[in-house]
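Data first, discussion second: the structure below is written as structure tokens.
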Amino acid sequence: MKERKLGISVGDILSFEVFAAVKVAAGAKGLERRLEQVKWGTPQNLDKIQEGEFLFLALRTSGDQQKLEKLLPSLEAKGLAGVGVQLKEGLSEISGPIREIADRLGFPILQFPAELPILEALQSLVSEIFRVQTALFNRSEEIHNEFMAVMLEGGSLNQVAQVLGSFLKKEVLIVDKHFEALSPLSPAWEKWLAVINRASIKESEALKKLEGEKTAWVMPLLAAGSRLGYLLIRSGPAADLAVLDEIALERAATVATLDIIYRRALNEIERRFRNEFVIDLVEGAIPSREIAEERARANNWAFSETMRVFVIRLADLRVQGQKDKFLSYLRANLSIKCICGELGRDIILISPAGEKERDVVGWLKRHLPQLENLADSKLLVGIGRSAGAVREIKASYQQARRTVDNAQRIETLVQIV
């Protein structure tokens with residue numbers, strides 16, 4: 001996102017005591033434009049202006065006004081913050097064409113009294129800009145440190161959302177790239193997510209404002225060209241973001257992105273660790289029950305006297321994300337009863353045999369439509385024989401896999417016929 005200018009607005013100039021007699025001559029809609037530096041120029045020398053500058057001009061003749069009139073569109077296009085003019089000698093007011101163009105462009109023109117010493121005006125304005133920029137910079141560092149403290153103390157995305165919401169006095173939600181909530185999801189947010197135009201949001205590479213019953217802002221969370229999620233803010237219909245609000249939003253987005261990257265890396269390490277254990281079990285590579293129980297405890301799994309293997313195949317597997325969502329759901333609901341992992345296109349469940357096994361079978365039957373919808377695929381399930389010893393788990397797996405292989409072949413033949 002292009003960082004917003006850390007300066008005062010053109011409208012702020014009117015609040016300074018030394019500028020009490022200054023008036024808005026035209027372009028009042030642009031008073032929120034921010035300025036970073038001040039420059040003194042003449043209508044004959046305006047080719048070196050820069051974005052964010054506020055330009056002081058002395059207009060002495062009608063010819064000077066005509067030159068300014070012609071230059072106004074290009075000054076606005078170059079990002080000039082605004083113009084302050086002093087009318088000298090025979091000029092009594094700014095010309096109508098200048099006012100008309102400035103109003104149309106929303107380009108602010110302030111009229112300074114002719115008797116105001118221009119050097120004093122410049123010095124006062126430069127001092128105020130420096131004071132505001134310093135205060136904003138210091139506060140931005142404080143905001144950044146507040147968010148970093150949350151993460152360094154082991155905080156969560158929930159806390160990042162809470163800190164940002166408290167600072168902005170607005171509703172905050174953090175979601176992943178699929179718009180699944182990563183921080184608490186209220187009914188109001190759930191309703192909003194159901195009707196939002198997600199396609200337009202996914203195209204945005206920077207802070208995007210959405211108008212509606214409530215004004216909303218969407219900040220994409222990006223890393224190395226990859227879209228990790230979004231930081232969402234909602235407020236009243238006429239609300240807007242101040243400079244510090246945008247700074248806080250940028251800091252929160254940075255911290256949230258780092259947290260998502262960290263948790264992704266941690267989850268990947270844990271996933272590989274779990275899968276190595278599952279693969280070793282179904283390949284018969286674990287020599288003793290003691291070692292199997294020790295590795296199960298390291299994964300917060302229980303190892304029973306007798307086990308049975310379930311093989312669940314995603315028949316319509318297209319992307320890894322299908323397995324990831326499906327496996328996360330299984331772990332959330334069956335992790336106490338089952339050892340869960342993946343091998344190729346299959347999900348492996350190693351369940352205690354007996355009564356608890358029947359609980360798992362019943363759960364899978366009851367939730368099959370929901371599981372297929374979650375996986376975005378038809379599911380084929382095979383169950384192996386009971387294994388009383390660790391090395392027998394391999395045979396249970398092979399039987400469950402053969403069942404799935406046969407079911408898939410039969411399904412293919414039926415489709416061909």
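In what follows, residues are counted from 1 in the order of the sequence shown.
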Start with the C-alpha distance between L314 and I347, add both sets of side-chain angles, then the distance that settles side chain to side chain contact (heavy atoms under 4.5 Å, CB included), and finish with yes or no. CA-CA 8 Å; L314 280 67; I347 302 297; 4.0 Å; yes
Should Y397 and V278 count as side-chain neighbours, where that means a heavy-atom distance under 4.5 Å? no
Would you say that R33 contacts E76 through its side chain, given a criterion of any heavy-atom pair below 4.5 Å between the two side chains? yes
Would you call I109 and V85 a side-chain contact if the rule is heavy atoms closer than 4.5 Å? yes
Rounded to the nearest 0.5 Å, what separation is found between the CD atom of E51 and the CD atom of Q37? 11.0 Å
Distance check, rounded to the nearest 0.5 Å: L379 atom CG versus D346 atom CG? 11.0 Å
Return yes if some donor-acceptor pair links the side-chain N/O of R34 with the main-chain N/O of A81 below 3.5 Å, else return no. no
Do R99 and D103 sit within salt-bridge range, that is, some charged N less than 4.0 Å from a carboxylate O? no
Answer yes or no: are there more than 12 heavy-atom neighbours, outside E270 itself, under 6.0 Å from its atom CD? yes
Quick check: does any side chain N or O of Q322 sit under 3.5 Å from a backbone N or O of A375, one acting as donor and the other as acceptor? yes
Between F112 and F19, how do the two ring planes meet: parallel, tilted or perpendicular, split at 30° and 60°? perpendicular
Do NZ/NE/NH1/NH2 and the carboxylate oxygens of E268 and R264 come within less than 4.0 Å? no
Electrostatic pair E342-R271, nearest N-O below 4.0 angstrom: yes
For the residue pair L110 and L31, establish whether any side-chain heavy-atom pair is separated by less than 4.5 Å. yes
Side-chain donor/acceptor of Q370 to backbone N/O of H367, under 3.5 Å: no
Decide, yes or no, whether a salt bridge links R139 with E142 under the criterion of side-chain N to carboxylate O below 4.0 Å. yes
First locate atom CD1 of I348, then atom CZ of R274, and finally report the distance between them rounded to the nearest 0.5 Å. 15.5 Å
Just verifying a value: how many Å separate S386 OG and Q399 CD, rounded to the nearest 0.5 Å? 10.5 Å
Between D12 and S9, does any side-chain donor sit less than 3.5 Å from a side-chain acceptor? yes
Decide if atom CD of E141 counts as having more than 12 heavy atoms of other residues, nucleotides or ligands within a radius under 6.0 Å. yes
Calculate, to the nearest 0.5 Å, the distance between atoms CG and OG belonging to L164 and S183 respectively. 10.0 Å
Closer than 3.5 angstrom, by distance alone: can the side chain of Q159 be matched with the main-chain N or O of V150 as a donor-acceptor pair? no
Rounded to the nearest 0.5 Å, what's the gap from CH2 on W301 to CD1 on I350? Could you check? 8.0 Å
For R409 and N406, does a side-chain donor sit closer than 3.5 Å to a side-chain acceptor? yes
Are R318 and D376 within salt-bridge range, i.e. N to O under 4.0 Å? yes
Have a look at S377 and tell me which of L317, D316, L371 forms a side-chain contact (heavy atoms from CB on, under 4.5 Å) with it. D316
